[in-house]
Amino acid sequence: MTDIFAKYAGLKAAAAGLTAHSPRNPFGVVIDHPVSATIGLIEGRETLLLGTNNYLGLSQSKAAAEAAIETVRHEGVGTTGSRIANGTYALHRKLEARLAEVFRRRHCMVFSTGYQANLGAISALAGKDDILLLDADSHASIYDASRLGYAQVIRFRHNDPADLDKRLSRLKDHQGAKLVVVEGIYSMTGNVAPMREFAEVKKKHGAYLLADEAHSFGVLGENGRGVAERDGCEDDVDFVVGTFSKSLGTVGGYCVSNLDGLELIRLCSRPYMFTASLPPEIIASTLAALDEMQARPELRKQLYANAEQLNHGLHALGLKASPHVSPVVAVTLDNVEQALAFWNRLLDLGVYVNLSLPPATPDEHPLLRCSVMAVHSAQEIDRALAAFAQAKQEILG
């Protein structure tokens, strides 16, 4: 009998090579207990969390926790059905109405995860006669959506409106729809999209624009609506997709739009139609976190200050850090062995960051990916920078 796992022989060898040269599995770290939003118990030690995407620290919101507890008591722990069957509660509709209000859009669909929001929206919007134009550094969920929807896929250079313009110019005679997909903040590098320029290009060619604001919702813009709000081009972004698992600290995803056709997507999006809906306590905690995000705009200001402190501090150490100041701060290293040693040493020193390795990284170089929170203190960021300095001295010299 043929081994069904034989196709993963290369992956098995690569994983074995990593663990053979590391005292711990970098993809198997367990946070035994979150002491707070910024501190977690790892390997029995209190460790500074600098890789959780918990940008506003709302995973530990007392209001969100109380909302979840109260809702469990009254509505149970799950819906046991999809949104088009028995899985739509009044709370789901309430959250969709609130998100539509927040984004100043007419329509909103809530999905069970952020991954499914991209998968469900993009695969249904772009069919076999349409063309998807994707930023080359797009998230895996965007690429997976393109496969599910059967649209022709054209990639353009990362954050390059001129390259998008050139590629759309070649499609002037194409009869199907053209959907451009970009991200607000790119999750690996922290690069920020030039959203206004992309919007101008899409208008020029009669295309649609979808912005994945997963890492920029609650982070950028005067009201936290993301890069499109910051750049003053929200009316030119046709669809906004995002997640609750970053700034709101819960789980789930959404797509908002002013186009009435979005309501049809409820009837043809397979990830929406065939997945159990979010449990009521998650919806309630998300609503509470959304209220807190809106009531505390100072969190965004503190988040930016913290991101600037970490970014500038890493540059001052001579490390190759992100050129954009955003809550995602990536340090690029030369090779996997170097990155693995650096990541392990940081954890030994009590600082947890994400290790990102090729081929998942944009330019085939490994990254130490940090994500900053509004609730990190200046002293905690200084502590992280001190750990980076020590690890750099020991490993890079």
Side-chain angles (χ1 to χ4, degrees), residues 83 95-127 130-135 138-139 141-146 148-149 151 153-154 156 161 164 168 176-186 193-218 220-221 224-244 246 252-273:
R83 289 295 305 277
L95 178 56
E96 286 176 333
R98 279 283 287 116
L99 283 167
E101 177 188 23
V102 168
F103 278 97
R104 301 189 303 180
R105 309 281 173 139
R106 289 198 298 272
H107 304 284
C108 174
M109 290 175 64
V110 164
F111 294 81
S112 296
T113 67
Y115 173 89
Q116 285 182 322
N118 267 335
L119 198 67
I122 295 170
S123 65
L125 289 169
D130 303 321
I131 294 181
L132 269 175
L133 296 106
L134 308 182
D135 186 289
S138 289
H139 190 266
S141 60
I142 295 171
Y143 280 111
D144 289 351
S146 71
L148 184 62
V153 177
I154 296 174
F156 57 91
L164 173 63
L168 279 168
K178 299 177 282 287
L179 177 63
V180 177
V181 180
V182 299
E183 297 177 44
I185 293 176
Y186 285 80
M195 196 68 71
R196 176 183 284 278
E197 295 174 54
F198 280 130
E200 291 299 321
V201 172
K202 81 97 188 182
K203 283 195 296 181
K204 173 182 174 182
H205 295 282
Y208 293 89
L209 177 61
L210 182 148
D212 179 354
E213 299 268 21
H215 291 267
S216 41
F217 176 56
L220 295 178
R225 292 195 294 267
V227 177
E229 183 188 23
R230 186 204 67 171
D231 289 357
C233 60
E234 290 178 280
D235 290 345
D236 296 320
V237 176
D238 302 288
F239 307 95
V240 176
V241 173
T243 181
F244 309 141
K246 308 300 188 265
Y254 60 87
C255 178
V256 297
S257 178
N258 275 330
L259 299 176
D260 295 339
L262 186 69
E263 291 300 315
L264 293 171
I265 301 303
R266 296 185 193 273
L267 305 176
C268 62
S269 170
R270 295 173 71 84
Y272 179 86
M273 297 166 64

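Position 1 is the first residue of the sequence, and the numbers go up from there. Atom set for the values below is all heavy atoms of this structure, side chains included, hydrogens, waters and symmetry mates excluded.
At distances below 3.5 Å, not a single donor-acceptor pair connects side-chain atoms of Glu183 with backbone N or O atoms of Ala193. The backbone N or O of Ile265 lies less than 3.5 Å from no partner atom in the side chain of Ser269, so there is not a single donor-acceptor pair. Between the side chain of Thr113 and the backbone N or O of Gly252 there is no donor-acceptor pair closer than 3.5 Å. The closest donor-acceptor contact from the side chain of Asp130 to the backbone of Ala177 lies under 3.5 Å. Judged by distance alone, the side chain of Asp238 and the main-chain N or O of Leu209 form a donor-acceptor pair under 3.5 Å.
Residues passing the ring pair (Phe, Tyr, Trp, His ring centres under 6.0 Å) test with Phe156, sequence neighbours excluded: Phe198. Residues satisfying the side chain to side chain donor-acceptor pair (under 3.5 Å) criterion with Arg266, sequence neighbours excluded, are Glu96, Glu263, Tyr272. Judged as a side chain to side chain donor-acceptor pair (under 3.5 Å), and not counting sequence neighbours, the contacts of Asn118 are Ser141, Asp212. Partners of Tyr254 by ring pair (Phe, Tyr, Trp, His ring centres under 6.0 Å), not counting sequence neighbours, listed by chain and number: Phe103, Phe217, Phe244. By the side chain to side chain donor-acceptor pair (under 3.5 Å) test, Asp144 pairs with Tyr115, Arg147, sequence neighbours left out. Residues passing the side chain to side chain donor-acceptor pair (under 3.5 Å) test with Lys246, sequence neighbours excluded: none. Applying the side-chain contact (heavy atoms from CB on, under 4.5 Å) criterion to Arg98, with sequence neighbours excluded, gives Glu101, Val102, Leu287, Leu290, Asp291, Gln294. Partners of Asp235 under the salt bridge (charged side-chain N to carboxylate O under 4.0 Å, His left out) rule, at least two apart in sequence or in another chain, do not exist in this structure. Legend: residues meeting salt bridge (charged side-chain N to carboxylate O under 4.0 Å, His left out) with Arg104, ordered by chain and number and at least two apart, are Glu234. Take Glu197 and apply the side-chain contact (heavy atoms from CB on, under 4.5 Å) test, not counting sequence neighbours, and it matches Pro161, Pro194. Remark: Lys203 engages Glu200, Asp236 in a side-chain contact (heavy atoms from CB on, under 4.5 Å) (not counting sequence neighbours). The side-chain contact (heavy atoms from CB on, under 4.5 Å) test applied to Ile154 returns Ile131, Leu133, Gln152, Arg167, Leu171, not counting sequence neighbours.
The side-chain heavy atoms of Glu213 and Met195, taken from C-beta on, include a pair separated by under 4.5 Å. Looking at Val180 and His205, their side chains never come closer than 4.5 Å, going by heavy atoms from C-beta outward. Residues Tyr208 and Leu259 are in side-chain contact: their nearest non-hydrogen atoms beyond the backbone lie under 4.5 Å apart.
For Arg106, the CZ atom is densely surrounded, since the number of other residues' heavy atoms within 6.0 Å is greater than 12.
Interatomic distance, CG of Leu132 versus OG of Ser146, reported as 6.5 Å (0.5 Å rounding). Here the CG atom belonging to Leu220 is positioned 4.5 Å from the CD1 atom belonging to Ile185, to the nearest 0.5 angstrom. Of the inter-residue distances, the one linking Cys108 atom SG with Leu95 atom CG reads 6.5 Å to the nearest 0.5 angstrom. The NZ atom of Lys202 lies 11.0 Å from the CG atom of Leu168; values are rounded to the nearest 0.5 Å.
Contact between Val241 and Ala117 at its shortest, heavy atoms only, is CG1-CB, 3.7 Å. The minimum heavy-atom distance linking Arg83 with Val110 is given by the pair NH1-O, 3.4 Å. When all heavy atoms of Cys255 and Leu262 are compared, the closest pair comes out as O-CD2, 3.7 Å. Nearest heavy atoms, Gln116 versus Ser112: OE1-CB, 3.2 Å.
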